Amino acid sequence: MSQVVNYVVDGTIGVISVDNPPVNALSQPVRQGLLDAISAAQTDTSEAVVIICEGRTFIAGADITEFGKPAVEPMLDVLLNTIEASTKPVVAAIHGTALGGGLETALAAHYRCAVASAKVGLPEVKLGLLPGAGGTQRTPRLIGVQAALDLITSGEPISAPQALELGLIDKIVDGDLTESAIAWARHLLKEGAGPRKSSEQPVPAFDTGIFDKYRAVLAKRARGQVAPQNIVTCVEAATKRSFEEGLKVERALFSECMQSPQSAAMRHLFFAERQAAKIDDLPKHTPLRTIDSVGIIGGGTMGGGIAMCFANAGIPVTLIEVNDDALERGLSIVEKNYAASVKRGKLTDDRATKCRTLITGSTDYASLADADLVIEAVFEDPELKKTIFARLDATCKPGAILATNTSYQDVNQIAAATKRPEDVIGLHFFSPANIMKLLEVVRAEKTADDVLATCMALARRIRKVPVMSRVCYGFIGNRMLQPYFREAQLCLIEGATPEQVDNAMEAWGMAMGPIRVADLAGIDVGYKARQALSEAERGDPRAYRVADVLAEMGRLGQKSGAGFYRYDPETRKHSSDPVVLEIIEREAAAFGIERRAIPEDEIVDRLVYALVNEGMRILEEGIAQRPGDIDIVYVYGYGFPASRGGPMHYADAVGVKRVYERVLEFSERFGAEAWAPAPLLVQLATE
Ligand code: T1G
């Protein structure tokens, strides 16, 4: 047999085992090996076949690294139809994660068993794809239309017990999986069980209106995305056509997805996320420090959310506040957040209680003396942060990591407030910290390699996606956000309304338009930050004048019930407010600006290319290691559409030359100070 697939006949049972680390992806050699093995089984002495995998998981899908390259036989659907057509019963034995083509392989088998800890799922939609090897046709036949639509359009894996309840698997086995699977196969033979084709199962009864319902829901939830809509069409075909005809629909729509720029963008992000976890200049086996206890300074919204991240990962946390009242408030925020997670079904009551008890409060720094990591999460006052770090320096044990959650301050200066700058690092969480996946890990000049490596690994332990940034004002995300917001404000004063700017960006794919984001974050946050800057550092006054007027009027955004929009106190729904338009027109007149209608594509290009141009500077300066890191920051931290792959991938998709020409045009129209093309953009476009 091949290097990656082994086949032995154990008495009456043929055992096919796949061994293609790290995740047994269905590469060409694996497909060939499986085909050879299942073909051999048809004519040898075996009476039944077990398919199992070595290593940490069952097949985790097609080999994504083969996508976009010429397809090589055998094709997956041909292989799976061969497995299903086996004259001898085939049992799939699942451990780890049976995902995508891996689950489709198991569905082509006649029987499925799994260890209780296994997970199964069809995550293709997260790659802008759909299950392309029979998954959209076999799944509804096994678990019904609604469950199939939920599983495939969410892309979320389910546990083995849930899969058993749905009928996606037949049995949960204990003990050694290989032995249990072989024993079960023998039992099936003894029971006279033969091949049982999922493709021949009738689709259980369903509500005929379900497809239109899902199309409408997905049009909102996955605005502009092709794959989710195609999935609904495939599952609908499973209810209206023969299995073979349904497979044809699936194949055609799969290929449409595979060719789409959306899938190219989402596949880019799959690898960019894994790449982002790697630090190029860090020795491979840099030792990690032990993190078994954490302290957090500041029990505000961020502090409370950060505490939950560690408690949810089973790490005890001590929350420090200045006095008992503040501590009480901090702990009650945590309490409320857990109650909300239980209410939303994200956590069971039991689990929430277990996590909650891992968070204790104190007003005494001495309680942090033995903490392995301390994270400062107080408001953005540089002097206060330095005072806190000096105190931590005097309190914490040698080897403790001292981190700041600042969103833009100079971590080198904060580190300089201690005698151990090598133990200082930035850990920039995003609000709400217990929900947002992104973690900017800020490497200061003196941050030790093991401190950096420890924090990159720790991020995955608390289920965050880490991206390393060097020190600059605002690091990667917030630094790029400045020119993005600048253009949003300039579009307002030059002629657009808040709705026009937000609708243009949301129609393009942003989760939320920039004006609504400003209201959500709080107009006072930007206002206070500007007060700390000199006139020159504040930049073009036309880009913040309106925001300053609103802040001085006490219109701080959602938190005060009004900002650029008005907010319904009950529903928090936003609505336009003519008062704001009057302010914009008045300030425009004061600047002598003749307002004009701004086309949607100009709004989009100005905001997105402002991100790209600043991203280029960040790469030139080495603040970010690679373009993919910037893409991960924007997709996981700033609501940039995954189906566009992040700002840097988008620039490549549009064509860097086109971006350059548009930036040059903006530089002529709106001034070189704001729009001077980054040298890297010039180089890439001209070369
Ligand atoms: N193909 C190729 N490489 C893969 C891979 C795959 N399917 N899955 C993982 N890798 C690599 C990954 O890049 C990394 O490499 C290493 O394995 C470890 O991964 C026809 C079309 C399985 C849950 O979408 O979700 O089937 O960085 O760091 O955190 O219908 O990997 O070390 O060089 O993520 O333990 C559908 C994708 C494909 C599942 C493990 N399947 N994988 O997570 O490890 S489309 C998926 C995952 C498909 C069919 C369709 C996760 C994991 P490197 P890792 P992990």
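As a basis for the values below, the full set of heavy atoms in this structure was taken, side chains included, without hydrogen atoms, waters or symmetry mates. This one's a predicted model, so the numbers in the text were calculated from it and none came from an experiment. One-based numbering, in listed order, for ligands and for the atoms of each.
- In terms of protein heavy atoms, atom 4 (C) of ligand 1 is closest to V23 CG2, 3.9 Å.
- If you number the atoms of ligand 1 from 1 as listed, the ones under 4.0 Å from a heavy atom of P131 come out as 30 (O).
- Per-atom contact check: atom 15 (O) of ligand 1 does not touch the protein, criterion being a heavy-atom distance below 4.0 Å.
- Atom 43 (O) of ligand 1 is never approached by the protein to below 4.0 angstrom, counting heavy atoms only.
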Working for side chain to side chain contact (heavy atoms under 4.5 Å, CB included), residues L127 and E124: CA-CA 5 Å; L127 298 169; E124 286 85 346; 5.6 Å; no

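- Note that the CG atom of L107 and the OG1 atom of T139 stand 5.0 Å from one another [nearest 0.5 Å].
- In terms of heavy-atom proximity, I315 sits nearest to L358 at N-CD1, 4.2 Å.
- Residue F67 has at least one heavy-atom neighbour below 4.0 Å for each of these atoms of ligand 1: 21 (C), 45 (S).
- E200 places no side-chain N or O within donor-acceptor distance of the main-chain N or O of R196, the cut-off being under 3.5 Å.
- For the pair A37 and Y7, the tightest heavy-atom approach, listed with the atom from each and the gap, is CB-CB, 4.0 Å.
- Considering backbone and side-chain atoms together, R274 places an N or O closer than 3.5 Å to an N or O of ligand 1.
- Nearest protein heavy-atom neighbour of atom 23 (C) of ligand 1: L99 CD1, 4.0 Å.
- Nearest residue to atom 49 (C) of ligand 1 from E104, M258, M75 is E104 (criterion: closest heavy atom).
- Among protein heavy atoms, atom 11 (C) of ligand 1 sits closest to P22 CG, 4.4 Å.
- Which parts of ligand 1 touch F271 is read off a 4.0 Å heavy-atom cut-off, strictly below it: atoms 13 (O).
- Summarising the geometry, atom CG belonging to L684 is positioned 9.0 Å from atom CG belonging to L619; distances are rounded to the nearest 0.5 Å.
- Contact annotation for L127 and ligand 1: only side-chain heavy atoms (C-beta onward) come within less than 4.0 Å of the ligand.
- Aromatic ring centres of Y638 and F430 lie closer together than 6.0 Å.
- Between G132 and ligand 1, a contact under 3.5 Å exists for at least one N or O pair.
- Looking only at distances, no side-chain donor or acceptor of N24 sits under 3.5 Å from a matching main-chain atom of C53.
- Annotation: atom 37 (C) of ligand 1 to nearest protein heavy atom, F270 CE1, 3.4 Å.
- With respect to atom 27 (O) of ligand 1, the closest heavy atom belonging to the protein is K278 NZ, 2.7 Å.
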For H428 and L438: C-alpha separation, side-chain torsions, deciding distance, then whether side chain to side chain contact (heavy atoms under 4.5 Å, CB included) applies. CA-CA 9 Å; H428 177 209; L438 181 67; over 6 Å; no

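- Residue contacts with ligand 1 include R460, since one of its heavy atoms falls under 4.0 Å from the ligand.
- Residues P123 and G100 share a closest heavy-atom pair of CD-N, 3.4 Å.
- Looking at G96, A25, A62 and measuring to atom 7 (N) of ligand 1, the nearest heavy atom belongs to A62.
- The protein reaches atom 20 (C) of ligand 1 closely, with a heavy atom under 4.0 angstrom from it.
- Counting only heavy atoms of the protein, atom 2 (C) of ligand 1 lies nearest to D63 OD1, 3.3 Å.
- In terms of N/O distances under 3.5 Å, ligand 1 is not approached by L129.
- Annotation: atom 35 (O) of ligand 1 to nearest protein heavy atom, R56 NH1, 2.8 Å.
- No heavy atom of E66 sits closer than 4.0 Å to any atom of ligand 1.
- Looking at F58 against ligand 1, nothing comes within 4.0 Å, counting heavy atoms.
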Assess the residue pair R644 and W508 against the criterion (side chain to side chain contact (heavy atoms under 4.5 Å, CB included)); give the C-alpha distance rounded to whole Å, side-chain angles, the decisive distance to 0.1 Å, and a yes or no. CA-CA 9 Å; R644 295 200 186 263; W508 184 80; 3.1 Å; yes

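- Panel note: side chain S17, backbone I52; no donor-acceptor pair is recorded below 3.5 Å.
- Under 4.0 Å from ligand 1, not a single heavy atom of K126 appears.
- Between G135 and ligand 1 there is no heavy-atom distance shorter than 4.0 Å.
- For atom 46 (C) of ligand 1, the choice among A60, S27, P21 with the nearest heavy atom turns out to be A60.
- Below 4.0 Å from some heavy atom of F254 lie the following atoms of ligand 1, by number and element: 21 (C).
- Partner R112 forms a side-chain contact (heavy atoms from CB on, under 4.5 Å) with one of V120, L142, L164 and no other, that one being L142.
- Side-chain atoms of E84 never come within 3.5 Å of backbone atoms of A109 as a donor-acceptor pair (strictly under, hydrogens ignored).
- Scanning all heavy atoms of the two residues, the minimum distance from A160 to I169 falls at O-CD1, 3.6 Å.
- Those atoms of ligand 1 with a heavy atom of E124 less than 4.0 angstrom away are 26 (O), 30 (O), 45 (S), 48 (C), 49 (C), 50 (C).
- Between G101 and ligand 1, an N or O atom pair is found at a separation short of 3.5 Å.
- The part of L76 lying near ligand 1 is the side chain, judged by heavy-atom distances below 4.0 Å.
- Atom numbering of ligand 1 starts at 1 in the shown order; those under 4.0 Å from a heavy atom of P123 are 24 (O), 41 (N), 46 (C).
- Taking the six-membered ring where the residue is Trp, the centroids of F206 and F211 are separated by under 6.0 Å.
- No donor-acceptor pair under 3.5 Å is formed between the side chain of T136 and the backbone N or O of V235.
- Closest to atom 1 (N) of ligand 1, if we only count protein heavy atoms, is I64 N, 2.9 Å.
- Annotation for D449 and P283: closest pair OD2-CD, 4.0 Å, computed over non-hydrogen atoms.
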